[in-house]
Amino acid sequence: MTTTPLTEGRAGTRVVRREALHFAVRNGKLVTGLGLVLVLLLTGLLGPVVLGVTAPNEYVAAPMLPPSAEHWFGTTTFGQDVFTQFVYGLRTTFAAGALGGGIAAVIAMVVGFTAGYRGGLVDEALNMLTNVVLVIPTLAVLLIINAYLGIRSVAVQALFIGLTSWPWAARAIRAQTFSLRGRDFVDLARLSGLSTPRIIAREIAPNMSSYLFMTFILLFGGSVLIASSLDFIGLGPTEGVSLGLMLQNATQWSALQLGLWWWFVPPGLAITAIVGALYVANVGLDEVFNPKLRIT
Amino acid sequence: MLRLDNVTKVFRTGTFGGRTVTAVGGVSFDVRPGEVVSLIGESGSGKSTIGRMILGLTPVTSGFITMDGAPVRPGKDYYRAVQGVFQDPFSCYNPVFKADRVFALVKEGYFPRVPAAEWERRVEAAVRDVRLNPGEVLGKYPHQLSGGQLQRMLIARALLLDLKLLVADEITSMLDASTRIDVLNLLAELKTCGLGVLYVTHDLSLGTYLAERTVVLRGGAVVEMGPTDLVFGDPRHPYTRALLAAVPRLNAPWEDPAPVTSCLCHESGPAGGDGRAAAGRAAAGRMAEAGPGHLVACARLADCPPA
Amino acid sequence: MRHYFGRKLLVYALTFVVAVTVNWMIPRFMPGDPVAGMLARTGVSQPAAVEAMRVYYTDLFGFDRPLWEQYAGFWATLLRGDFGISIWLFPTPVSTVILRAVPYTLALMIPAVLLSWWAGNRLGAYAARRRLLDNTVLPVGYVLTAMPYMWLAVLLAWGLGVVAGWFPVAGGYAFSLQPALTGEFLLSLLHHWVLPFLSLFLVALGGWAIGMRNMIIYELESDYATYLAALGAPSRLIRRYAFRNAVLPQITGLALQLGVLVAGALVTEIVFSYPGLGSLILKAIQNQDFFLLQGTFMFIVIGVLVANFVIDLVYVVVDPRTRAGMAGAQA
Amino acid sequence: TPPSQGAGPPPGNPGNPGSLPRNETLYTTGTQWGPPAHFNPIREGDHATGTKGLVYETLFHYDPNTAKLVPWLAESGSWTSDTVYEAKIRSGVTWSDGKPLTAKDVAFSYGLGKIGTISFHNLYDWLKSVEAADDRTVRFTFSKANYQEWDFNLYSRVIVPEHIWAGRSEEEVLNGANDKPVGSGAYAYQSHDQDRVVYVRRDDWWGRSALGKEPRPRYIVDVATPSNEVAMGMLLQKGLDLSNNFLPGVANLVKGNFGITTFYDQPPYMLSANTAWLVPNTTRKPMDDPAFRRALAASIDTKKIVEGVYGNLVKVASPTGLLPQWDQFVDQSVVGAAGFAFDTAKARRTLADAGYRDRDGDGLVENKDGSKIKLTLIVPTGWTDWMEAARAIATSAKAAGIDVTPDFPDFNALVEKRSKGDFDLLVNNERQLSNTPWTYYDYVFQLPVNKTQNTVNFGRYENERAWKLVQQLNQVRTDDVAGMKTVISQIQRIHLDEMPIIPLWYNGLWAQSSVATWKNWPSAAQGAPKSAPVLWRHWLELGGFETLTQIQPAGS
Amino acid sequence: MTLTVTDLRVSYRTLGGEVKALDGVSFGVRDGEILGLAGESGCGKTTLGKSLIRLDGRMRHVGGTVELDGRELPIADDRRMNAFRFHEVSLVPQYAMSALNPTRRIGRMVAELLKSRGAPLDRDKLERRLDLVGLPREVLDRYPLELSGGMKQRMVMVVSTLLDPSLLVADEITSALDVSTQKAVARALLGFRDSGFVKSMLFITHDLALTSHIADTIMVMYAGRLAEKAPADVMVKAPRHPYTRMLINSLPEVGVRHAERPLSGIAGSPPSLLDPPPGCRFRDRCPLADEGCAEDPPVTETEPDHFVACWKA
Ligand SMILES: Nc1ncnc2c1ncn2[C@@H]1O[C@H](COP(=O)(O)OP(=O)(O)OP(=O)(O)O)[C@@H](O)[C@H]1O
Ligand SMILES: Nc1ncnc2c1ncn2[C@@H]1O[C@H](COP(=O)(O)OP(=O)(O)OP(=O)(O)O)[C@@H](O)[C@H]1O
Ligand SMILES: [Mg+2]
Ligand SMILES: [Mg+2]
């Protein structure tokens, strides 16, 4: 005798999960998106190891060489190998995205969960804070803070990005928490003597894991873009190499005017690919987790 | 055992609590051990709010709730004795986890030192107590269980504690007619073991099935309360009468109660929502006694003849 | 209604105070002495002269007064609309510098934001309708939104500007012209405007299209759409309703995106040397002209606040739900 | 539309306020990095380019090729005694408002230096008085005759009309925007906007007859481009005629067929404009040790910077740091004996000999007392070529065993560190080509060292003898070349022995011109003009203006 | 007969396979008749209602026919079906609370809807019907948000029946309402039938007591099949199918007390419709079941208008 009438809506997460996996591997958007990101990530992670270079900014060859078998992406005006820079840059860019997105996600979660769960005055106050940060044109603030402290490292850059890019995510998480808070299992956990932070961590958060993951993906992409903008304006880290810094360098040293497209195109393309792929993957995930979107 | 004394709940809504909603206004009643009190009223009449206040999930604005003479202080000690089961069994389980996590949480909160094997034994006993087969329900995800099973597991969960009072908030409204009866029968069994139950419902027929006493709420205030057979058998308040008349019965046609035009208590229009007015009325017109323990919120009870 | 706006205005007021305070703090807590920097840049060569000038200008800019006095003074001058004097463009008042740049930024921002929003929403709505379009518009949209503004801008400048020679790559109008109300001048303005506009427009367009497409799909699944379909209403009507309802979150999205769009405009201006606020900010940073930086920042904040407020107003007009909610009407 | 700035229709062209005729207009850029802020020539450091040189003029110009002052507003000038200098002002010079320019204007202009916060106020440390002896004679009486420095002043100080400026408050003289400039120069201000200034030629300029010179462009539009690559793009689009920015990689364009020329058609492509120095903080260990400084000098692979960073657009500096224009003052025997060149091995040797050894085997030397040497080289952030160069310096210093790390603080922060002496190493190039190497040595050796050193001797190097010699040099007459050489040779010896400041490379006199509209640009080619092809501030007097008179419309 | 449904089979496509939500259902509804459709959750009530008007994306018409007023409904053909919708078959959905476009004033929405179906708005008619269900005329100038649940429910009823369809499908339209509103809505439905706005009606609910008040005939379904169909009073008083009987026995009446008369439920749960076992689907829970029940019980008319699908009836 089966005790499992598969009624719609009551279908629990396990089924959703099993289904999710089923749809995930069949979702073209998700697979292409994540696949592309993964390829780039691996290039960034393994590239430097494989190449065995430690200083991507060294002058290693004749300047301005077009792509060749020896220098896959050619060389810069200084004779740096663009491909070496590229793989290192990927690393930095991923780090900036992960860190910035991560910090933003953490803040968003703290604010969103607290506001959504506690409600009342706390909610109002946090909401106010969120709105203030939301309305302030953060890039302008970033520019200024950057100019003030001067950014020397990717970590600091990511910190600033994280500190300014969380509001929309906090809002979204707050809304979700708010609706989950009303669910009875939260009250039941209270009746089992769980404290508020533990309820949030153990009951509410696991329920929105897919949502949180999607939020993180978007924050990650946003971070990558902001970081590259900052790098480009010359407010990036002064050491090392990132895709944004490569773009900045290429522009400042007139790569396009001098016809060194191989210096200018790959980093921009990679940023576009990373961010675009993340967004596409996000839509894919959305379709996987949201049956309504699946049929279309 | 449980006493509510002139309990009022005012919700603040709007920016920084700009507006207020009186969900419950001046409600007093009590629940004795081994007794089922059913709380009846339309949607929005404040039933759940009362339940939540008793469970300490919502703070009381004014008035007192006492348990065995001591004021309610939500915390582990209190929840050892007072537990709740809610309307929607499906939403009581975190869909991400297996259903028996509700037991695990209880262990974590109250019996962290009990050895696992001993605990397992207790859980199985409790599950059997609610007439479920442990092998059939343990280790499954909520969606793999039926509503009745889930609801019964929640009751089993409450039974793991030294329970004195169970707040059952519409625990059957999401269930099929047949399962519903099973759960109600279970409650009836439990009360014979001395458990006090506050049975919240808007379904009048279910209210009468179990309860010794019935409290009828309207707009956050008590309209009529007393022994169930008196309240249902001889409803004195026009609102109670109208409510009863609207219940569809299998074997009887819908009746329209004679409009009681002379009655001050009677008002047409939507009943829910205006708790403030109701509270005001209840406070002004003290409850009049229509029979032994049968109280009616009516200033001129004498003018209202028994039906 | 009063409530709703009261709340919004509170947020705006708070934002303003925070922004002003942050803004005020900037030069005070920057490393280095702005006056010394300014003098070092001007290349005065005699040490004695430099020292005398440093004392003189420090006093002129009021950097030697107590902090609270500077803060109060900052508010006082700010409320008078006085942002002080630019260090970099000494002795031009900051407000003059900004007002010269603002028309360009607005001319870029407003059409880019509104048109991309409008076109993006249209495009997204079309995409949600047809599989073929969905499979083309969507990927293009993603590529567009994922592009760093400056990268697209530089590519456009290079491709359509330098190589094809269709558009100029720098300036607000031809260097051979003087501002005048002549057709030639206006044409030149337009000619210089096209590329920066296009790069802003394209990046924003993709985002809106995607957003709209997703919204519409959600709306088409909603109950009212199902109901209308069950009553046999033609899909034209359903789509019209869905579009209208899907536009609402997009309006909120516009408010949320404003900051990002401003940022994009700034970067784009820099690439095209467009004489707007973006180029100004970059220069102010590079030259550590904090008064100018403060002024531009203030201006942007005010601009964004005003824009947000306008969006709020529009939202109230188009979404009955806010209005009903505001009036306290409950079912 | 942006608010229109400045004057109405251009005087020479009343009918047409609109478009400037392309073939009569010179488009330049690279002279300033922001909107023209003011036209006050007294604020010498930041006035709109052309304010001095096109609108206002000086008594003399200076021709670096002949090393001679060129009479300009003054038709002659001479020392009538050891401490009195008399300048004869040309007759027939008129201001653009029609009033004649007289000796009184000159006396007035120099008199402004008495204001304490004016940039040339220190002139009055040794100038006693200025007076107009008559309409055409100005007499300068000195307490001490600094001949070298005086010549520099003669072509650096602008003359402003007394009848307009006399009524101005000190505040306005110092800080006024002077947005309707009345000058004596060949061009008049026409209009400006955020990214440009437009000058129009004065057809009644006095110099046409008096000097026989006529600048060719009727209009000069100086464009403020914010970045090199934009300038390069515009140059390629033929929207610019002369770019005075550093355009990295321009060698490729010169070699390719893009119609872009530079002074030389091969490295270094550019004339030299100034010297980039590496400044060690001589108050810190181990930079207080001349031997260490010499080792550091020898460790730097300047050639790598010249080739890698600048793509051969600049030249390696001579060990003396003197610009090529001053070659005659370089004492080759001194250089031969004490000069240095890039030589890692030699640097290591020098270090070892002086007691700096690598004791812990990390490949980097330690102090004599065994403590670690960790030096930071600061360069302003955003100055990309210098940042690149700083990296190269650090790399090659490390190769010689000196631990140098580049750091890129903000400009203001750097200025503060620099003036307080809170740094190890920095790069600086603030002194330009002038009429005399004295300006360089003044920069290197000036004493006393103050608490804040804001324009000279950042390294806080103290050498009384050297400073005495520099002062002595200042008092050698400028026509006494042999006398100058004698003093300079002694200074050079001290410089090379002590190496208080290390010359790196000569920054270029960045000038890339398009031949699409204008031709006959200065170049090394035979028959071409040799004047400086730049319109930078202070360079119009050093040949920039002459360039304007030499170029020709491409069509002619 | 207004409606004749013959051997209707509809299934849902899911990952696990086809959920046979309707597995051969046949019945008829006469002119002016209200058919109450009752049964446990998941037995296929909503599916049946939807099949008559609009199959959603995952539903598949497997077999069977539906005839309305003598014409066959092309239920599997969305396009051809459109002509019948609203004019012939109409629907008051389960989700009436959210069935109205939240951003249009109701009056305008109705006008636009009617126009799009080629029927001009008859304002008088509309207002008369509003009166009938007790809605003030001002609701037309309001947004759905400004109406209470009961008001929305009645509004949707009015809208759905504006074109006087032959068949109205009303799916769980009272489940979310409290008793007094429920009563008002139910009365309004009856009024609609009596005034001839709709010819016949399919009233879906899981509340047998409520159905008994509204419906002329009650049909009880079990696991995608018809269990029993009989006139309302017969069904309440003398049900024949064991399932129906047990169901009715498990309904507490007001006044029934556990202490006095304990009721009992039906043990077990219905079979999965993914792969239903052969034979009578109630077999596992049926106290009367024996080997004979391993074979599908046919629907037999035991008395006039009383259909039962049980070997034991
Ligand atoms: N958290 C809250 N904030 C504001 N108002 C509330 C809150 N909770 C309940 N209310 C209001 O209090 C009143 C009583 O609500 P309650 O949930 O107790 O009613 P109920 O009788 O349980 O209704 P139902 O039968 O629908 O569950 C309602 O008017 C409701 O709007
Ligand atoms: N979209 C769907 N996808 C898959 N299966 C579905 C879907 N909708 C319904 N079902 C299945 O079809 C069967 C019948 O469902 P239906 O909604 O018709 O039942 P119902 O009698 O209306 O139940 P309720 O009383 O809960 O509304 C159920 O087993 C259900 O699980
Ligand atoms: Mg409730
Ligand atoms: Mg249903």
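Note that these values count all heavy atoms, side chains included, but never hydrogens, waters or copies made by symmetry. Naming convention: chains lettered A, B, ... in sequence-line order (proteins, then strands); numbering from 1 in each chain.
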With respect to chain A, which residue among D/T395, D/T384, D/N252 yields the maximal number of heavy-atom pairs within a distance under 4.5 Å? D/T384
Crowding at NZ, D/K303 (>12 non-hydrogen neighbours, <6.0 Å):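 No, not enclosed.
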Atom pair CD/CZ of D/E229 and A/F264 - distance to nearest 0.5 Å: 9.5 Å
Side chain, backbone, both or neither: which part of D/E388 has a non-hydrogen atom closer than 4.5 Å to chain A? both
Would you check if the side chain of A/Q257 reaches a backbone N or O of D/M232 as a donor-acceptor pair within less than 3.5 Å?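 No: the side chain of A/Q257 does not pair with the backbone of D/M232.
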D/D385 and A/W253, any side-chain heavy atoms less than 4.5 Å apart: yes
Looking only at heavy atoms and a cut-off of under 4.5 Å, which of A/L256, A/T251, A/T77, A/N249 has the most pairs with chain D? A/T251
